[in-house]
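Down below is the structure, laid out as structure tokens.
We use all heavy atoms of the structure for the numbers below, so side chains are in, but hydrogens, waters and symmetry mates are not.
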Amino acid sequence: MAVLTVHTGVGNIEFIHGVTERFLRYVTIDTQSDPASPTCPSTVKQKTLGALLAQELRDLGLADAHLDEHGYVYATIPATTDKTVPVICFCAHMDTSPDCSGEGVKPQIVKNYQGGDIVLKADPAQIIRAAEHPALAQQIGHDIITADGTTLLGADNKAGIAEIMDAAAFLVAHPEIRHGTLKILFTPDEEIGRGVDKVDLEKLGADFAYTIDGETAGNIEDETFSADSAVVTITGVSAHPGFAKGRIEHAIKIATAIVERLPKDTCSPETTEGRDGFLHPIGIAGSLEQATLSFIVRDFTEAGLQEKEALLQGIVDEVMRGYPRSTATVEIKPQYRNMKQVLDRHPELVENAREAIRRAGLTPVTTSIRGGTDGSRLSFMGLPCPNIFAGEHAFHSRLEWVSRQDMEAAVRTIVHLATIFDERA
């Protein structure tokens with residue numbers, strides 16, 4: 001364990017840091033979510049981690065810590081101040097991505113990293129290349145934690161969980177540090193877009209929240225994509241293939257013609273970055289008579305979403321002109337919206353986080369997420385919720401990694417953030 005020194009309003013406090021040990025313990029528990037499952041949580045194994053976390057929180061003295069029937073973990077750190085301070089929640093998700101195996105994770109530590117590529121031991125073909133991971137250049141001297149090359153690591157988001165747990169242990173051990181009531185929330189199924197489907201915000205009782213689920217140390221994210229789904233349903237014309245001349249209008253062929261007309265050099269994940277959005281096909285299914293195409297639509301603005309949805313409708317209309325006896329419908333469903341619409345009404349949330357990051361010894365950087373978080377939906381459910389770094393990199397892949405020192409910086413940030421709300425009350 002490392003010794004953490006936190007500079008607080010009551011002086012410098014040394015703390016035996018257990019964030020790495022917690023993290024190494026949590027990642028060995030398989031918690032992959034399953035988008036095909038209708039249950040909540042989508043996989044029972046997520047409750048295995050949830051039960052462990054609830055017990056560890058009770059062991060810290062948080063008597064109300066519990067795992068509910070839907071796989072959510074709730075806990076309260078009581079206030080140590082007489083001031084009226086907003087109730088702040090720190091949130092992370094327990095599930096890992098279904099994109100890459102999370103079973104049998106074997107974490108490895110590269111101590112005192114001195115640059116260059118990192119070859120993963122169990123599969124030497126899996127290489128974290130410095131040229132492809134520029135963030136490694138900022139990690140000289142750090143201890144880098146990876147998987148062994150056969151699974152993802154699970155830093156997304158078990159790094160955030162470990163950081164919140166370690167900060168909770170610190171604050172409980174030091175009641176002389178002044179802070180308001182703090183809430184802890186660990187959610188299931190974030191990776192499949194259901195992370196707050198069953199959350200009980202009345203029971204949680206928080207005024208504001210922070211997800212600890214970001215990448216580079218020092219980053220605070222106050223903006224996400226806005227997101228819609230689009231489903232194109234095509235009804236073609238069938239006939240016996242031996243007597244089909246001039247009769248068949250093949251739904252699968254119509255679907256592939258629509259995909260073929262999508263832009264080649266723009267408007268896709270593989271051709272965009274920064275603030276550019278995209279129209280992305282994620283599924284195709286069908287038969288001669290009926291086929292469906294599934295898309296996700298992403299942009300930082302409502303106008304951008306509408307432009308991409310109009311593009312899709314235009315492509316469908318163009319293709320269908322060649323199949324006059326067939327029909328196609330485009331159904332758009334909202335998924336989540338850019339949390340900046342809410343967070344701009346609460347600028348103190350981002351400013352307090354920036355100050356906490358400074359006190360943790362880092363330079364704060366406010367940035368955007370090319371994706372969504374639990375915080376996106378929580379913000380629009382009435383719980384404004386920016387995202388703070390957890391140190392995770394190359395998530396959803398066998399090349400995932402995190403730095404011990406970055407996790408420790410996240411713990412310091414959480415502790416300072418709790419005290420800043422008290423100072424500024």
Side-chain angles (χ1 to χ4, degrees), residues 1-4 6 13 15-32 41 43-80 88-96 102 105 107 145 153-175 177 179 181-190 195 199-200 203-206 209-213 374 388 390-392 402 404 407-408 410-415 417-418:
M1 295 187 179
V3 176
L4 167 69
V6 177
I13 299 175
F15 175 60
I16 302 300
H17 217 316
V19 65
T20 301
E21 289 71 19
R22 296 178 192 277
F23 176 70
L24 295 176
R25 186 165 66 250
Y26 301 154
V27 297
T28 62
I29 301 172
D30 180 11
T31 57
Q32 278 187 294
T43 53
V44 174
K45 58 191 176 183
Q46 294 180 66
K47 286 189 172 182
T48 302
L49 177 58
L52 172 66
L53 294 170
Q55 184 59 57
E56 289 187 2
L57 288 164
R58 287 192 295 271
D59 291 344
L60 290 177
L62 307 185
D64 71 335
H66 68 281
L67 171 70
D68 79 358
E69 61 182 309
H70 302 299
Y72 293 78
V73 176
Y74 299 83
T76 304
I77 302 175
T80 58
I88 304 301
C89 172
F90 295 106
C91 175
H93 65 88
M94 295 179 288
D95 65 317
T96 60
V105 173
I145 306 171
L153 175 61
D156 179 13
N157 184 217
K158 290 169 185 170
I161 290 172
E163 291 153 7
I164 293 170
M165 292 292 289
D166 214 47
F170 178 86
L171 291 168
V172 169
H174 293 283
I177 296 176
H179 59 78
T181 300
L182 303 174
K183 297 289 184 171
I184 293 171
L185 175 66
F186 297 136
T187 66
D189 292 340
E190 189 266 0
V199 68
D200 187 337
K203 176 169 71 174
L204 183 66
Y210 293 88
T211 48
I212 311 299
D213 191 18
D374 278 342
I388 291 175
E392 58 207 41
V402 68
R404 172 179 68 82
M407 288 196 295
E408 292 173 359
V411 175
R412 296 196 301 273
T413 298
I414 294 167
V415 170
L417 189 51

Atom pair [atom1] ([X]) and [atom2] ([Y]), whose distance is rounded to the nearest 0.5 Å:
| X | Y | atom1 | atom2 | result |
| --- | --- | --- | --- | --- |
| T48 | L52 | OG1 | CG | 9.5 Å |
| L53 | I161 | CG | CD1 | 5.5 Å |
| L182 | L62 | CG | CG | 10.0 Å |
| D95 | K158 | CG | NZ | 9.0 Å |
| I177 | T80 | CD1 | OG1 | 8.0 Å |
| E163 | I388 | CD | CD1 | 10.0 Å |

Does either side chain, that of [X] or that of [Y], offer a donor lying less than 3.5 Å from an acceptor on the other one?
| X | Y | result |
| --- | --- | --- |
| T187 | E190 | no |
| D374 | T211 | no |
| D156 | H93 | yes |

Pair R25-E21, salt bridge (charged side-chain N to carboxylate O under 4.0 Å, His left out): steps then yes or no: CA-CA 6 Å; R25 186 165 66 250; E21 289 71 19; over 6 Å; no
When you compare the side chain of [Y] with that of [X], does any pair of heavy atoms fall below 4.5 Å?
| X | Y | result |
| --- | --- | --- |
| L153 | F23 | yes |
| K47 | P41 | yes |
| L57 | M165 | yes |
| D200 | D68 | no |
| M407 | I145 | yes |
| L417 | F90 | yes |

Considering all heavy atoms of both residues, which atom of [X] and which atom of [Y] are nearest to each other, and what is their separation?
| X | Y | result |
| --- | --- | --- |
| L67 | V73 | CD1-CG2, 3.9 Å |
| L49 | T31 | CB-CG2, 3.8 Å |
| Q32 | K45 | O-CE, 3.4 Å |

Between [X] and [Y] (side chain of the first, backbone of the second, donor and acceptor by atom type, cut-off under 3.5 Å), is there such a pair?
| X | Y | value |
| --- | --- | --- |
| T20 | R404 | no |
| T76 | K183 | no |
| R58 | A65 | yes |
| Q46 | D189 | yes |

Parallel, tilted or perpendicular: rings of Y74 and Y72 (30°, 60°):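 If you compare the ring of Y72 with that of Y74, the planes turn out tilted.
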From CA spacing to verdict: side-chain contact (heavy atoms from CB on, under 4.5 Å), C91, I212: CA-CA 6 Å; C91 175; I212 311 299; over 6 Å; no
Worked verdict on E56 versus Y26 for side-chain contact (heavy atoms from CB on, under 4.5 Å): CA-CA 12 Å; E56 289 187 2; Y26 301 154; 2.6 Å; yes
